[in-house]
Participant: 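Structure below; questions to follow.
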Amino acid sequence: MYGLWKPRVLGAWKVPATGPVIFAVNHSHNVDGPMVMGVAPRPTHFLIKKEAFIGPLNPFLTGIGQVKVDRASADRTAITRALGVLEAGGVLGIFPEGTRGTGDFASLRAGLAYFAVRSGAPVVPIAVLGSSDRPGRLIKGLPPLRSRVDVVFGDPFEAGDGSGRRTRKAMDEATERIQKQLTAHLENARRLTGR
């Protein structure tokens with residue numbers, strides 16, 4: 001990442017040094033996940049749509065520990081693997097919006113709340129800014145080479161209410177708490193970076 005672009009990383013010291021952690025990353029460009037993996041202070045295992053595991057990318061993504069997920073159904077294998085990452089004290093990366101979009105955390109899917117409440121792992125909000133500002137001249141699908149991309153890590157927070165409940169209501173409440181935290185972090189990251 002540092003060879004192709006000029007990442008500016010803010011707040012990486014906020015990431016807990018040990019134990020399970022969930023990275024909640026906004027998603028407006030294909031490069032957002034690789035950028036976070038490249039600059040994060042700990043190895044990260046992202047939930048990645050199964051459609052990305054094609055050709056030579058399949059053994060590569062599998063080999064670096066990424067988790068293939070079928071977004072069309074409740075993918076039990078992916079859920080088990082993701083929970084395994086957290087149980088082993090690792091870092092699980094999630095795009096809570098479920099797909100690329102404006103990257104503003106406006107609509108979250110329930111997966112992040114499920115993993116956070118089920119595992120008890122703290123959630124670290126991450127804003128990637130500048131990756132979708134303008135297309136590159138050489139490769140239209142990537143940000144311009146040597147352009148600045150900001151990666152802003154936020155304060156870890158607990159998604160659950162401390163009761164340990166995993167009911168539908170508890171998940172809905174956790175999703176609401178998460179959305180407020182992520183939206184506030186994104187606003188703060190934009191202020192910090194001037195984007």
Side-chain angles (χ1 to χ4, degrees), residues 1-2 7 9-27 31-50 52-53 57-71 74-98 105 108-128 151-167 170-171 173-182 184-186 188-189:
M1 292 298 117
Y2 286 97
V9 181
L10 303 171
W13 58 270
K14 296 178 181 182
V15 175
T18 60
V21 176
I22 298 173
F23 285 169
V25 185
N26 69 326
H27 196 23
V31 79
D32 296 339
M35 183 64 68
V36 169
M37 284 191 291
V39 303
R42 292 179 60 187
T44 307
H45 305 272
F46 268 95
L47 283 173
I48 300 175
K49 65 182 178 181
K50 71 176 185 178
F53 288 75
L57 274 180
N58 185 18
F60 173 73
L61 291 173
T62 303
I64 62 171
Q66 304 314 301
V67 181
K68 182 190 311 187
V69 64
D70 182 352
R71 298 177 302 167
D75 186 339
R76 291 306 214 187
T77 302
I79 291 168
T80 301
R81 286 197 60 216
L83 288 171
V85 167
L86 296 170
E87 286 166 9
V91 178
L92 180 66
I94 297 178
F95 299 112
E97 297 158 297
F105 296 123
L108 303 188
R109 297 181 75 169
L112 174 56
Y114 173 80
F115 288 116
V117 171
R118 171 91 188 259
S119 70
V123 176
V124 173
I126 302 175
V128 179
V151 182
V152 184
F153 293 82
D155 293 315
F157 66 91
E158 299 296 326
D161 62 5
S163 70
R165 293 179 304 128
R166 296 186 203 162
T167 63
M171 292 300 167
E173 290 169 356
T175 299
E176 196 172 309
R177 272 191 295 282
I178 290 168
Q179 187 159 25
K180 285 179 184 171
Q181 291 275 358
L182 298 182
H185 172 66
L186 185 59
N188 185 50

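Computation of the quantities below employed the complete heavy-atom set of this structure, encompassing side-chain atoms and omitting hydrogens, waters and symmetry-equivalent molecules. These figures come from a predicted structure and were not determined experimentally.
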Participant: Measuring from L57:CG to T62:OG1, what's the distance to the nearest 0.5 Å?
Facilitator: 10.0 Å
Participant: Search all heavy atoms of L47 against all heavy atoms of F115 and return the closest pair with its distance.
Facilitator: CD1-CE1, 3.7 Å
Participant: Nearest 0.5 Å, what's the CZ-NE2 distance between F157 and H185?
Facilitator: 10.0 Å
Participant: Quick check: closest heavy atoms across R81 and V67, and the distance to 0.1 Å?
Facilitator: NH1-CA, 3.9 Å
Participant: Do R42 and V15 touch side chain to side chain, with heavy atoms closer than 4.5 Å?
Facilitator: yes
Participant: Where the side chain of E176 meets the backbone of M171, is there a donor-acceptor pair that is under 3.5 Å apart?
Facilitator: no
Participant: Go through it in stages, so that I can follow the logic: the residues are N26 and V128, the test is side-chain contact (heavy atoms from CB on, under 4.5 Å), and I'd like the CA-CA distance, side-chain angles, deciding distance and then a yes or no.
Facilitator: CA-CA 6 Å; N26 69 326; V128 179; 3.8 Å; yes
Participant: Hey, are the side chains of K68 and T77 touching, using non-hydrogen atoms and a 4.5 Å cut-off?
Facilitator: no
Participant: Rounded at 0.5 Å granularity, tell me how far NE2 in H45 sits from CG in L86.
Facilitator: 9.5 Å
Participant: Between V117 and G160, which heavy-atom pair has the shortest distance, and what is it?
Facilitator: CG2-CA, 4.1 Å
Participant: V91 vs V124, test: side-chain contact (heavy atoms from CB on, under 4.5 Å). Steps then yes/no.
Facilitator: CA-CA 10 Å; V91 178; V124 173; over 6 Å; no
Participant: State, to 0.1 Å, how close A159 and A116 come at their nearest heavy-atom pair, and which atoms those are.
Facilitator: CB-CB, 3.6 Å
Participant: Search all heavy atoms of P20 against all heavy atoms of P122 and return the closest pair with its distance.
Facilitator: O-CD, 3.2 Å
Participant: First locate atom CE of M37, then atom CD1 of I64, and finally report the distance between them rounded to the nearest 0.5 Å.
Facilitator: 4.5 Å
Participant: Measure across V9 and A12 and return the closest heavy-atom pair with its distance rounded to 0.1 Å.
Facilitator: CG1-CB, 3.9 Å
Participant: I need the E173 CD to T175 OG1 distance, nearest 0.5 Å.
Facilitator: 10.0 Å
Participant: Can you tell me how far apart CD1 (I94) and OG1 (T44) are? Round to the nearest 0.5 Å.
Facilitator: 11.5 Å
Participant: Does some side-chain heavy atom of L92 sit less than 4.5 Å from a side-chain heavy atom of S119?
Facilitator: no
Participant: Can you find a heavy atom in the side chain of L112 that is under 4.5 Å from one in the side chain of F95?
Facilitator: no
Participant: Taking the side chain as everything from C-beta on, heavy atoms only, tell me whether P96 gets closer than 4.5 Å to I178.
Facilitator: no
Participant: Can the ring centres of F23 and F46 be said to be less than 6.0 Å apart?
Facilitator: no
Participant: Would you say P7 and M35 make side-chain contact, with heavy atoms under 4.5 Å?
Facilitator: yes
